Amino acid sequence: MSEVPLISIVDDDALARDGIRELVESLGYKAIAFASAQHFLASRVLAETTCLITDVQMPGLNGLELQEALQSQGHQTPVIVITAYPNERYRTRALENGAVGYLSKPFDDESLIECLSAAIKSRSSQVQQESSDDAIINKDLNGTITACNKAAERLFGYLAKEIVGKSITILIPPGRLNEEVEIMDRIRRGEHVDHFETVRQRKDGSLVEILLTISPVIDHSGKIIGASKIARHHRAKAGTDQLTGR
């Protein structure tokens with residue numbers, strides 16, 4: 001990720017688009033603007049984008065569909081959703097998909113600045129997770145996987161794009177599904193789960209014994225919105241290959 005955060009702006013309203021770009025640049029960030037979701041997806045800045053600011057109502061793909069398209073491609077870009085037509089159903093959808101903010105036009109500069117600060121902090125945390133040797137998987141309160149680092153890809157055999165958007169149960173053997181219910185109940189109460197010994201299932205169907213540490217994920221307003229799981233290889237199950245480098 002660039003030392004200076006790159007903020008991508010997608011809005012079919014040229015006046016709004018230019019106004020947001022000017023504000024972003026005045027804060028010392030780099031900014032690039034697009035008139036449509038399709039133009040952004042076809043650009044070369046997807047991987048470099050620290051935060052995406054997108055309108056909802058646009059020709060072609062709307063902002064919520066853009067957010068979901070990025071996730072389906074394995075991108076974990078923090079997203080700020082803006083709209084001139086606030087809708088509680090859309091707001092819920094955006095936030096459940098991991099948006100760091102949902103702002104109704106016209107919004108004040110401070111609201112956008114606050115969301116940008118949260119997004120940049122979130123992206124910094126993602127970069128740290130990516131470089132970790134521990135397998136880290138994030139999920140929302142519905143158990144849907146929202147992020148997966150390289151170490152988790154190696155441990156479980158799935159690419160991030162194969163499991164982001166899927167239920168965490170894809171990694172849980174049928175006989176241990178009750179563990180997920182108990183874990184999520186504790187997370188909703190704000191509790192941490194430390195060094196929980198369990199068994200999980202790889203893509204090839206083999207089992208691996210792991211130690212789980214699970215923490216609540218809290219948004220900038222202090223609300224619990226999901227959980228972050230750190231999985232450390234414990235010991236190989238009988239009949240499975242010993243993982244290396246753990």
Side-chain angles (χ1 to χ4, degrees), residues 1-13 16-58 61-84 90-91 93-131 138 140 146-149 160-161 164-165 217-221 223 225-226 228:
M1 186 174 63
S2 171
E3 291 184 5
V4 178
L6 172 63
I7 313 301
S8 291
I9 303 152
V10 181
D11 197 325
D12 62 320
D13 182 333
R17 189 170 66 239
D18 291 343
I20 295 171
R21 178 180 53 78
E22 290 174 3
L23 172 61
V24 168
E25 290 177 341
S26 75
L27 298 171
Y29 306 136
K30 295 179 182 178
I32 186 168
F34 301 88
S36 72
Q38 289 87 341
H39 286 149
F40 174 64
L41 290 172
S43 74
R44 298 180 180 180
V45 301
L46 293 186
E48 301 173 29
T49 296
T50 303
C51 172
L52 169 66
I53 302 172
T54 180
D55 190 21
V56 174
Q57 300 293 341
M58 297 185 293
L61 287 180
N62 66 37
L64 300 182
E65 292 167 339
L66 171 57
Q67 180 188 19
E68 291 162 356
L70 288 174
Q71 291 178 338
S72 71
Q73 294 178 18
H75 295 289
Q76 301 175 29
T77 312
V79 177
I80 299 170
V81 176
I82 59 177
T83 181
Y90 284 174
R91 179 181 182 278
R93 179 176 164 187
L95 296 180
E96 286 183 347
N97 282 333
V100 296
Y102 183 92
L103 301 177
S104 300
K105 298 178 181 177
F107 48 82
D108 58 76
D109 290 354
E110 288 303 318
S111 295
L112 183 58
I113 291 170
E114 181 180 350
C115 288
L116 275 172
S117 296
I120 292 167
K121 181 179 179 180
S122 173
R123 185 60 182 144
S124 176
S125 176
Q126 288 173 3
V127 171
Q128 291 175 5
Q129 288 186 3
E130 278 301 313
S131 63
N138 293 344
D140 64 21
T146 58
C148 165
N149 73 349
K161 65 182 180 181
V164 169
V217 173
I218 300 172
D219 68 12
H220 64 281
S221 68
K223 179 182 178 182
I225 59 172
S228 180

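By convention here, the first residue in the shown sequence is residue 1. All values derive from a computational prediction rather than experimental measurement.
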Return the CD1 to CD1 distance between I218 and I225, rounded to the nearest 0.5 Å.
9.0 Å

Identify, with sequence neighbours excluded, every residue that meets side chain to side chain contact (heavy atoms under 4.5 Å, CB included) alongside D18.
R21

Inter-residue atom distance R17.CZ - I82.CD1, 0.5 Å rounding:
11.0 Å

For the residue pair I80 and T54, establish whether any side-chain heavy-atom pair is separated by less than 4.5 Å.
no

Could you walk me through whether L112 and F107 pass the side-chain contact (heavy atoms from CB on, under 4.5 Å) test, one step at a time?
CA-CA 7 Å; L112 183 58; F107 48 82; 3.9 Å; yes

Please determine whether side-chain contact (heavy atoms from CB on, under 4.5 Å) holds for the pair T50 and K30, giving the CA-CA distance in whole Å, both sets of side-chain angles, and the decisive distance to 0.1 Å.
CA-CA 10 Å; T50 303; K30 295 179 182 178; over 6 Å; no

Those residues that, when tested against K161, pass side chain to side chain contact (heavy atoms under 4.5 Å, CB included) (two or more places apart)
L159

How many angstroms lie between atom CG of L52 and atom CZ of R123, to the nearest 0.5 angstrom?
12.0 Å

Can you measure from CG (D11) to OG (S36) and round to the nearest 0.5 angstrom?
11.0 Å

Just jot down the side chain to side chain donor-acceptor pair (under 3.5 Å) partners of S8, sequence neighbours excluded, or say none.
T49

Indicate the atoms forming the closest heavy-atom contact of A94 with L64, along with that distance.
CB-CD2, 3.6 Å

Under the side chain to side chain donor-acceptor pair (under 3.5 Å) test, which residues partner D55, sequence neighbours left out?
none

Quick one: are F34 and I9 in side-chain contact, heavy atoms under 4.5 Å?
no

Sorted by chain and number, sequence neighbours left out, side chain to side chain contact (heavy atoms under 4.5 Å, CB included) with E110 holds for D108, I113

Trace of the side-chain contact (heavy atoms from CB on, under 4.5 Å) decision for Q57 with N62:
CA-CA 5 Å; Q57 300 293 341; N62 66 37; 5.6 Å; no

Is there side-chain contact between I32 and F40, with at least one heavy-atom pair below 4.5 Å?
no

Closest approach of S72 and A69, non-hydrogen atoms and distance?
OG-O, 2.7 Å

Can you check side-chain contact (heavy atoms from CB on, under 4.5 Å) on I53 and I20, steps first, answer last?
CA-CA 9 Å; I53 302 172; I20 295 171; 3.9 Å; yes

Between the CG atom in L41 and the CG atom in L66, the distance rounded to the nearest 0.5 Å is 5.0 Å

State, without any angle test, whether D140 and T146 hold a side-chain donor-acceptor pair at a distance under 3.5 Å.
no

What I'd like to find out is whether the side chain of T83 reaches to under 4.5 Å of the side chain of Y90, using heavy atoms alone.
no

Scanning both residues in full, the closest heavy-atom pair of Q76 with A147 reads OE1-CB, 3.4 Å

For the atom pair CG (L61) and CD (Q67), what is the distance rounded to the nearest 0.5 Å?
12.5 Å

Hey, is NZ on K105 packed in by over 12 heavy atoms from elsewhere, all under 6.0 Å?
yes

Residues in side chain to side chain donor-acceptor pair (under 3.5 Å) contact with S122, at least two apart in sequence or another chain
none

Which atom pairs, one a donor and one an acceptor, fall under 3.5 Å between side chains of residues 95-104 and the rest of the protein, sequence neighbours left out?
residue: N97; atom: ND2; partner: E68; partner atom: OE2; Å: 2.9
residue: N97; atom: ND2; partner: R93; partner atom: O; Å: 3.3
residue: Y102; atom: OH; partner: N87; partner atom: N; Å: 3.3
residue: Y102; atom: OH; partner: N87; partner atom: O; Å: 3.4

Exercise: identify the closest heavy-atom pair between G28 and V4
O-CG1, 3.4 Å

